[in-house]
Undergrad: 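This is the structure, below, for whatever I ask next.
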Amino acid sequence: MIDEFPRVRFAPSPTGYLHVGGLRTALYNYLFAKHNNGKFILRIEDTDRNRFVEGAVENLISSLKWCGLEYDEGPDIGGSFGPYMQSMRLELYSKHAQELIENGHAYYCFCTPERLDALREEQQRQKLPQAKYDKHCLHLSKEEINENLESGIAKVIRLNVEPNHKIVFSDIIRGRVEFDSNNVDDQVLIKSDGYPTYHLANVVDDHLMKITHVVRGEEWLSSTPKHVLLYDFFNWEKPEFAHLPLLLNPDRTKLSKRQGDVAVEDYRAKGFLKEGLINFVALLGWNAGDDKEFYYMNELIEKFTLERVNKAGAVFDLDKLNWLNAEHLRKKSDEEILPMLKEEIIRASYDMSKFSDDYLLKIISTMKERVSFVREYLTKSPYFFEAPTEYEQSSIQKNWKEETPEQISKLYDAFTKLNNPTKEDYEIALAKTAEELNIGKGKLIHPLRLSVSGISTGPGVFDLLVTLGKEETLKRIKTAIGKIKI
RNA sequence: GGCCCCAUCGUCUAAUGGUUAGGACAUCGCCCUUUCACGGCGGUAAUAUGGGUUCGAAUCCCGUUGGGGUCACCA
């Protein structure tokens, strides 16, 4: 436990949706905060006006909330350190950039994009190991700078990185990391449109919002020296850093849209449970050190520590997600599943009024061990929602013989005599019929299943009959006798 | 290419100098079940590589190889 209660943030850029990699980052931040009785903060990094996407923030928030990642401070709920949208904090960044200019740690740059392009090209042509800004504008005279400023030509503010020294910081996950300042570029801090870049904004905000731990993806590791420099230039205490390993495609490249679904909303739409997704994502790069794999959120909170986060990237393995999702679904009570099933029934545009809760509950208990998604109650056992209109061809070939219609008719007669039958009643009636016919029970069971369900797989036949009810069962047998042709 | 990070079964991972290198998913086989699942039992399958250090290395150090990230007025 950390003595001071930690404050961590999830700071996404609102580019449209919540990426599962972002979910993992958000989750680890959340778990770390909750485990240590700290605060979890949502901050929107919308400093790139070119990447503005309508509705992206709302979408992000709704995905986060669906997953159960409630934040203590954020753009829609406020907090003591707001606003939580960087686009609403512009004066703060320029004020701090000014301070840096006064100290000589930053400087105005008036170079045109054309000059910068040419510079890069030239450096590439010379095969210089590292393409960097050449500090051209650092050497401008006071007069030149003032003249440029007054003339109103486009300007940016750059970080003034001193050459020839080591920048060292420590990362909770990776240990000591060292960079040579010669490899750190004079990063733009304030763009020509007056907006800050990520590097300035995240440092200023993390400081002002009293963030104690920066937990973010590994893609930020190589720009961390710039942030470290900024903290030093401002004379601010640095937060702890923890750079999380990346989530990968099956081919081990960074998880991308091209190779499958990456948005949380995609998984939600496909019918994954938030419990399954969270459980799965939590295990991508972290484990408690034991064999436990099935977790609820509260258990994750209890067990999670950053020290047990792995260093290496993890492949997003759909097979395991499917399995965990099925585990979570099976652990739910029938009553919990009921409303979810109703939703799917409506989505499938069946007439809900035809199905009583009692009937649906029976379906749930009989199918529970056979489904991995709520939707599969419909797709794996459509016969509970409408009588079969077709019969599986392979099962007909295997189970429907010339003598079958007559035998099944006998079974029909036996069932007719039953009064409010239980599973056992059906079973006894069938056994007796088989005996009278002098045939094995299988000769009746398989055709019976085919008749009432149209397919050859599913719950035990007698459970199936009980769920369907006597009337419906008889009706379906009769129909089948008439319709199934060898 | 420069810089940085990383490396245990196909995949997620355990083993913080001494284990027959463990578990889970996937896969295969058997059992349960006159179906399909669930469940149970079992099998195949890994320390990238070369050097050190050590009585002893998956574990510590160095090299190699491989992979990834990053090198924007994007985050």
Side-chain angles (χ1 to χ4, degrees), chain A residues 11-15 45-51 86 109 111-113 116-117 120 124 127-133 154-158 171 173-175 177-180 182-185 187-199 201-202 216-225 243 245-246 248 250-254 280 283-294 310-324 326-327 330 367-372 380-381 395 398-399 440-446 448-450 453 455-461 464:
Chain A
S13 148
T15 50
E45 311 242 328
D46 57 345
T47 55
D48 185 358
R49 289 194 292 181
N50 300 319
R51 291 223 277 177
Q86 291 188 325
C109 172
C111 292
T112 60
L116 296 175
D117 285 347
R120 246 188 302 266
Q124 237 163 46
K127 294 229 188 317
L128 288 182
Q130 163 78 19
K132 272 172 41 176
Y133 180 62
K155 61 173 190 298
V156 301
I157 296 176
R158 284 182 184 275
D171 185 284
I173 294 167
R174 282 148 221 287
V177 185
E178 181 182 301
F179 287 81
D180 190 317
N182 293 326
N183 290 316
V184 180
D185 200 3
Q187 184 66 48
V188 169
L189 301 177
I190 301 280
K191 299 178 262 187
S192 57
D193 64 5
Y195 277 63
T197 56
Y198 170 85
H199 307 284
N202 106 86
R216 74 223 313 183
E218 195 193 333
E219 68 265 32
W220 293 109
L221 191 57
S222 50
S223 48
T224 304
H243 287 94
L246 261 17
L248 311 173
D251 69 357
R252 304 204 75 87
T253 53
K254 188 172 165 183
F280 172 66
L283 260 18
L284 250 25
W286 173 87
N287 74 88
D290 53 28
D291 287 340
K292 186 173 164 71
E293 303 219 71
F294 183 90
N310 282 121
K311 295 179 171 79
V315 173
F316 192 92
D317 177 22
L318 259 166
D319 279 332
K320 195 150 187 174
L321 206 210
N322 284 329
W323 170 73
L324 266 174
E327 289 288 297
R330 279 194 282 268
M367 286 300 292
K368 205 172 194 172
E369 299 304 318
R370 281 161 251 265
V371 301
S372 300
K380 288 196 168 175
S381 53
S395 180
K398 199 172 161 208
N399 302 310
K441 288 193 281 185
K443 289 270 189 267
L444 291 175
I445 288 176
H446 298 296
L448 172 60
R449 171 187 296 287
L450 184 64
S453 78
I455 57 178
S456 60
T457 63
V461 239
L464 217 163

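Each chain gets a letter, A, B and so on, in the order its sequence line appears, and its residues count up from 1. When reading the values below, keep in mind they use all heavy atoms of this one structure, side chains included, and skip hydrogens, waters and symmetry mates.
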Undergrad: Do the side-chain N or O atoms of A/Arg449 get closer than 4.0 angstrom to the phosphate oxygens (OP1, OP2) of B/C36?
TA: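 False: A/Arg449 side-chain N/O out of range (4.0 Å or more) of B/C36 OP1/OP2.
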
Undergrad: For B/C4 and B/G10, measure between their P atoms and round to the nearest Å.
TA: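 Each nucleotide's P atom is 31 Å from the other's.
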
Undergrad: Please pick, from B/G39, B/G23, B/U70, the nucleotide with the shortest atom-to-atom distance to any side-chain atom of A/Lys320.
TA: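 Output: B/G23.
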
Undergrad: Using atom C1' of each nucleotide, how far apart are B/U59 and B/U19 to the nearest Å?
TA: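 Going atom to atom, C1' in each nucleotide, I get 13 Å.
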
Undergrad: Is the shortest side-chain N/O distance from A/Asn182 to OP1 or OP2 of B/C3 below 4.0 Å?
TA: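 Negative; the distance criterion is not met.
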
Undergrad: Checking base pairs now: Watson-Crick or wobble, both atom distances under 3.5 Å. What partners B/U59?
TA: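 Looking at the geometry, B/U59 pairs with no nucleotide.
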
Undergrad: Could you state the interatomic distance from NZ (A/Lys191) to CG (A/Asn50), rounded to the nearest 0.5 Å?
TA: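 It comes to 7.5 Å.
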
Undergrad: Paired with B/A24: which nucleotide, if any, by Watson-Crick or G-U wobble criteria at under 3.5 Å for both distances?
TA: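 Base partner found: B/U11.
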
Undergrad: Check this for me: does the side-chain of A/Ser222 come within 3.5 Å of the base of B/C4 through a donor and an acceptor?
TA: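 Looking at the base of B/C4, it does not pair with any donor or acceptor on the side chain of A/Ser222 (distance under 3.5 Å).
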
Undergrad: Any strand is fair game: report the nucleotide pairing with B/G29 by Watson-Crick or G-U wobble, both distances under 3.5 Å, or none.
TA: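 Looking at the geometry, B/G29 pairs with B/C41.
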
Undergrad: Which residue, A/Asp317 or A/Thr457, contacts RNA chain B at a nucleotide closer to its 5' end, judged by nearest heavy atom?
TA: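 Nearest-nucleotide comparison on RNA chain B picks A/Asp317.
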
Undergrad: Could you give the distance separating B/U64 and B/A45 at their P atoms, to the nearest angstrom?
TA: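 Straight-line distance between the two P atoms is 33 Å.
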
Undergrad: For a quick check of understanding: with a heavy-atom distance under 4.0 Å over all strands, which category does A/Val177 fall into, base, sugar-phosphate or nothing?
TA: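 A/Val177: backbone/sugar contact only, no base atoms under 4.0 Å.
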
Undergrad: For A/Lys292, is the NZ atom crowded, meaning more than 12 foreign heavy atoms sit under 6.0 Å from it?
TA: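 Enclosed: over 12 neighbouring heavy atoms sit under 6.0 Å from NZ of A/Lys292.
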
Undergrad: Identify which nucleotide among B/U11, B/A24, B/C74 has an atom closest to any side-chain atom of A/Asp48, counting heavy atoms from C-beta outward.
TA: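 Closest of the options to the side chain of A/Asp48: B/C74.
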
Undergrad: Write down the distance separating the P atoms in B/U49 and B/A58, rounded off to the nearest Å.
TA: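 Straight-line distance between the two P atoms is 11 Å.
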
Undergrad: Applying side-chain contact (heavy atoms from CB on, under 4.5 Å) to A/Arg158 and A/Gln187, what does each step give before you reach the verdict?
TA: CA-CA 5 Å; A/Arg158 284 182 184 275; A/Gln187 184 66 48; over 6 Å; no

Undergrad: Which one, B/C12, B/A75, B/C36, comes nearest to the side chain of A/Arg370?
TA: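 Closest nucleotide to the A/Arg370 side chain: B/C36.
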
Undergrad: Looking only at the side chain of A/Glu293 (C-beta and beyond, no hydrogens), which of the listed nucleotides B/G23, B/U11, B/U34 gets closest?
TA: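 Selected nucleotide (nearest to the side chain): B/G23.
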
Undergrad: Could you tell me whether a side-chain N or O of A/Lys443 sits under 3.5 Å from a main-chain N or O of A/Ile445, the two making a donor and an acceptor?
TA: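 Side chain of A/Lys443 to backbone of A/Ile445, a donor-acceptor pair under 3.5 Å: no, none is there.
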
Undergrad: Please measure how far the C1' atom in B/G69 lies from the corresponding atom in B/C61, and state the result in whole Å.
TA: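 To the nearest whole Å, 25 Å.
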
Undergrad: Please determine, for the side chain of A/Thr197, which listed nucleotide (B/G69, B/C73, B/C12) has the closest atom?
TA: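 Out of B/G69, B/C73, B/C12, the nucleotide with an atom closest to A/Thr197's side chain is B/C73.
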
Undergrad: Which nucleotide, if any, forms a Watson-Crick or G-U wobble pair with B/U47, using both distances under 3.5 Å?
TA: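 Result: none.
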
Undergrad: At less than 4.0 Å, is any side-chain N or O atom of A/Arg158 found next to OP1 or OP2 of B/C73? Yes or no.
TA: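 Checking B/C73 against A/Arg158, a side-chain N or O does come within under 4.0 Å of OP1 or OP2.
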
Undergrad: Would you say A/Arg174 places a side-chain N or O within less than 4.0 Å of OP1 or OP2 belonging to B/G69?
TA: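 No, no such contact exists.
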
Undergrad: Can you tell which of B/G68, B/C36, B/A26 lies closest to the side chain of A/Thr253?
TA: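 Side chain of A/Thr253 sits closest to B/G68.
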
Undergrad: Please work out which of the three classes, parallel, tilted or perpendicular, describes the rings of A/Trp220 and A/Tyr198, given edges at 30° and 60°.
TA: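 A/Tyr198 vs A/Trp220 ring planes: parallel.
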
Undergrad: Suppose we define a pair by two distances each less than 3.5 Å, Watson-Crick or G-U wobble; what does B/U35 pair with here?
TA: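 For B/U35, the partner nucleotide comes out as none, under the 3.5 Å rule.
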
Undergrad: Let's see if you can work this out: which of B/C25, B/U70, B/C6 has an atom nearest to the side-chain heavy atoms of A/Lys311?
TA: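 That would be B/C6.
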
Undergrad: Give none if B/G17 has no partner; otherwise give the nucleotide forming a Watson-Crick or G-U wobble pair with it, both distances under 3.5 Å.
TA: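 Pairing partner, where one exists within any strand: none, as none qualifies.
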
Undergrad: Among B/U11, B/C4, B/C36, which is the nearest nucleotide to the side chain of A/Val315?
TA: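 Selected nucleotide (nearest to the side chain): B/U11.
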
Undergrad: Between A/Arg330 and A/Asn50, just flag the one whose closest nucleotide in RNA chain B comes earlier from the 5' side.
TA: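 Counting from the 5' end, the first nearest nucleotide belongs to A/Arg330.
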
Undergrad: Determine which nucleotide pairs with B/C71, using a 3.5 Å limit on both distances of a Watson-Crick or G-U wobble pair.
TA: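 Paired with B/C71, as far as the under-3.5 Å criterion goes, is B/G1.
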
Undergrad: Hey, is the main chain of A/Ala131 close enough, under 3.5 Å, to the side chain of A/Arg120 for a donor-acceptor pair?
TA: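 No; judged by distance alone, with no hydrogens or angles, the pair does not exist.
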
Undergrad: With a 4.0 Å cutoff (strictly under), does any side-chain N or O of A/Arg51 reach OP1 or OP2 of B/A75?
TA: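 For B/A75, neither OP1 nor OP2 has a side-chain N or O of A/Arg51 closer than 4.0 Å.
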
Undergrad: Return the nearest nucleotide to the side chain of A/Asn287; candidates are B/A24, B/C3, B/A14.
TA: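 Per side-chain heavy atoms of A/Asn287, the pick is B/A14.
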
Undergrad: Answer with base, sugar-phosphate or nothing: what part of the nucleic acid does A/Thr47 contact at a heavy-atom distance below 4.0 Å?
TA: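 The answer is sugar-phosphate, as A/Thr47 gets under 4.0 Å only of primed atoms, P, OP1 or OP2.
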
Undergrad: How far, in whole Å, is B/G39 from B/C6 if one measures between their P atoms?
TA: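 Each nucleotide's P atom is 38 Å from the other's.
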
Undergrad: Is a side-chain donor or acceptor of A/Asp193 paired with a backbone partner of A/Tyr195 at a separation under 3.5 angstrom?
TA: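 Here the side-chain-to-backbone pair exists.
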
Undergrad: Compare the minimum distances between each of B/G69, B/A75, B/A24 and the side chain of A/Lys254, then state the nucleotide with the smallest one.
TA: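 Ranking B/G69, B/A75, B/A24 by closest atom to the A/Lys254 side chain puts B/G69 first.
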
